[in-house]
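What follows is a set of notes on a single structure, which appears directly below.
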Amino acid sequence: MSSRSLLILMAFATLLGLALTSPSRADQQPELTLEGELPEGVAANVRTLVDLSRYPCRPGPGQQTLIRRQVRDDARRALQALGFYQPTLTPRWSEPDDDHCFRLTLAVQPGPPTLLTGPDIRIQGEAADDPAFQRAVDDSGLREGQRLRHDRYEALKRTLQQLLINRGYAEGALTEHRLEVDRDRHRARVVLHLDSGPRYRFGAVTLAGDTQLKEPLVRAYLGFAAGEPFSNERLLSAQQAYLGTGYFSAVRVERGEPDRADHTIDITLHFTPRNEWALLAGAGVSTDTGPRVRLGIENRRVNADGHKARAETELSGVRQGVGAGYTIPLSDPLNEKLELRTSYVKEQTDTTDSEIFSVGADYIVKLDSGWVATPSIEYLRETYQVADQIDQAELVIPGFQLSRVKSDDPVYPRFGWRLGGKVRGAHKALSSSATFVQYDLWGKLIVPVFKGRFITRGEFGFTDVTDVTELPASLRFFAGGDASVRGFAYESLGPKNDDGEVIGGRHLLVGSVEYDYPITPNWSVAVFGDAGNAFNDFDDYEIERSAGFGVRWRSPLGPIRVDLARGVEENRDWRLHLSMGPDL
């Protein structure tokens, strides 16, 4: 290559680099700088209303005066919206150059704030006794002595108007609404007068479309009846309840015109039923069970009484099984149902080998408090091997469980908790091969800390039994694994026999603390510490501890967790833990 060609090539490369690294004229925008001690929220509001991007990058001399005037006007409006009616605004202009558009520095002195005197808020009509309206006023922030904020005044107006619509005040209106501002005295007064008129009630409720179910069952999910006070919230809850039944693919709610003579609003519900049969398929992976696949079939509508039936099979490296279930909605189908179930499961872990056949019934009822109570009865026949013990157990096990989950998001909560407990037992006098009573309590709490989440969980189990070897493997307590003490293999912790083999224990006590910190919208990192063990006597409780770190990915199917952990009191290798599913 000649020296001339080389020089041309180098020049081209230099120009290309400048083109890639330097912003183009089209990408350049005027810059705004704010000076002065500004109260909270003022700078953001000024930048929102003073939009320099709409102006040319290099305006002519005649445009500069117009731009400065418009910037002052926009900034003044931004300050007035937050209660500063007498600001001092001084713009300074910086001419554009080859690399930058014009720059404007705006010195802001907000001046004295405009404070609210006692607001004149009056609610007349039946809404005067409706607590929802008073809550809206109390939560508005429009109290005497507070700095005037136009957004709060406008928000209260919108809220009151929306409440009139949502709660059935079809004749209601804001009769007066204004802000009275005394600029000289720096005082302002809110005037809001509302006359709601009468509150309308639900009229006739018509069911449209072929629900393929008996009408009394469909109406039982409604949650309200004709003659009760109208509420859009109750309509939405009813719509969600219908969609949650699994019977319908769509439910459309139609409000009729208000009847001013009877003060009622008729409702029509349009139903689109789902297909009767559905195939079920699922896949997952965890360190405890390895890859797993679940296949099944479900009949969503066995009959017009809304009965459901399902059959499914599960395959993994640890568990293989088949099962079937039959669900019967009861008199309050939204909160009360009966589930009949049967299953055959073969499970093989590092410590146990078992074959379990069970038949049971669960009566599931959601209480008014939000807790779910589940009395149950189960027949269990289990053939098992634990260490050198090979045996078979037959048990009739009545039980009772109480549980509740509450969170701000069903998949990735920032705040939430899960709490539950169950008691179950058997007696030789009731056709069982062992006599025992077992208690199990568990809980999990998620709270926001800084930008991340603090997560803690714990479980305590206690079994009243003469000899733990009378219990089949599935009823003994073990520790270790993804949801127990990470850093240890699945069910690898517990009391041991004379040969050092884990045989499980009567009791269990495990706990964990974790901090989860997001690094992108879908990725986060975590550090954690776990502790606990299974044991037979409290005097012999030997706590095992572990610590580790991991990453979490918020996948479309739910959180996926990858952790590395190791026992802290032994020279153990790091252990990989992989799990997926909702946090609660």
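The first residue in the sequence is number 1, and the count goes up from there. Quantities reported herein were computed from a predicted structural model and do not represent experimental measurements.
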When the aromatic ring centroids of Phe477 and His507 are compared, is their separation below 6.0 Å? no
Can you say whether the rings of [X] and [Y] are parallel (under 30°), tilted (30 to 60°) or perpendicular (over 60°)?
{"X": "Phe224", "Y": "Phe202", "value": "parallel"}
{"X": "Phe271", "Y": "Phe248", "value": "tilted"}
{"X": "Tyr326", "Y": "His307", "value": "perpendicular"}
{"X": "Phe133", "Y": "Tyr169", "value": "perpendicular"}

Neighbour count above 12 (heavy atom, 6.0 Å) for Asp139 CG: yes
Counting neighbours of CG on Asp467 that are heavy atoms of other residues, nucleotides or ligands and sit closer than 6.0 Å, is the number greater than 12? yes
Audit row: Phe230, Arg255, side chain to side chain contact (heavy atoms under 4.5 Å, CB included) steps and yes/no: CA-CA 11 Å; Phe230 182 88; Arg255 288 177 41 162; 3.6 Å; yes
Taking only Lys NZ, Arg NE, NH1 and NH2, and the carboxylate oxygens of Asp or Glu, determine whether [X] and [Y] approach each other closer than 4.0 Å.
{"X": "Glu514", "Y": "Arg552", "value": "yes"}
{"X": "Arg341", "Y": "Glu378", "value": "yes"}
{"X": "Arg300", "Y": "Glu276", "value": "no"}
{"X": "Arg414", "Y": "Asp408", "value": "no"}
{"X": "Asp583", "Y": "Arg453", "value": "yes"}
{"X": "Arg457", "Y": "Glu459", "value": "no"}
{"X": "Asp530", "Y": "Arg545", "value": "no"}
{"X": "Asp305", "Y": "Lys214", "value": "yes"}

Are Arg486 and Phe528 in a cation-pi setup, meaning NZ or CZ lies under 6.0 angstrom from the ring centre and within 45 degrees of the ring axis? yes
Within the structure provided, determine whether [X] and [Y] are in side-chain contact (heavy-atom separation under 4.5 Å).
{"X": "Phe357", "Y": "Thr342", "answer": "yes"}
{"X": "Leu235", "Y": "Ile267", "answer": "yes"}
{"X": "Leu380", "Y": "Glu394", "answer": "no"}

Are Tyr515 and Phe454 close enough, and set up right, to give a ring pair (Phe, Tyr, Trp, His ring centres under 6.0 Å), and what steps lead you there? CA-CA 5 Å; Tyr515 184 68; Phe454 175 76; 7.8 Å; no
Under a 3.5 Å cutoff, is there a donor and acceptor pairing between the side chains of Thr463 and Gln438? yes
Assess whether side chain to side chain contact (heavy atoms under 4.5 Å, CB included) is satisfied between Arg418 and Arg404, documenting all intermediate values. CA-CA 6 Å; Arg418 180 186 69 209; Arg404 188 177 181 187; over 6 Å; no
Step by step, work out the salt bridge (charged side-chain N to carboxylate O under 4.0 Å, His left out) result for Arg319 and Glu347. CA-CA 5 Å; Arg319 289 169 60 95; Glu347 182 173 276; 3.0 Å; yes
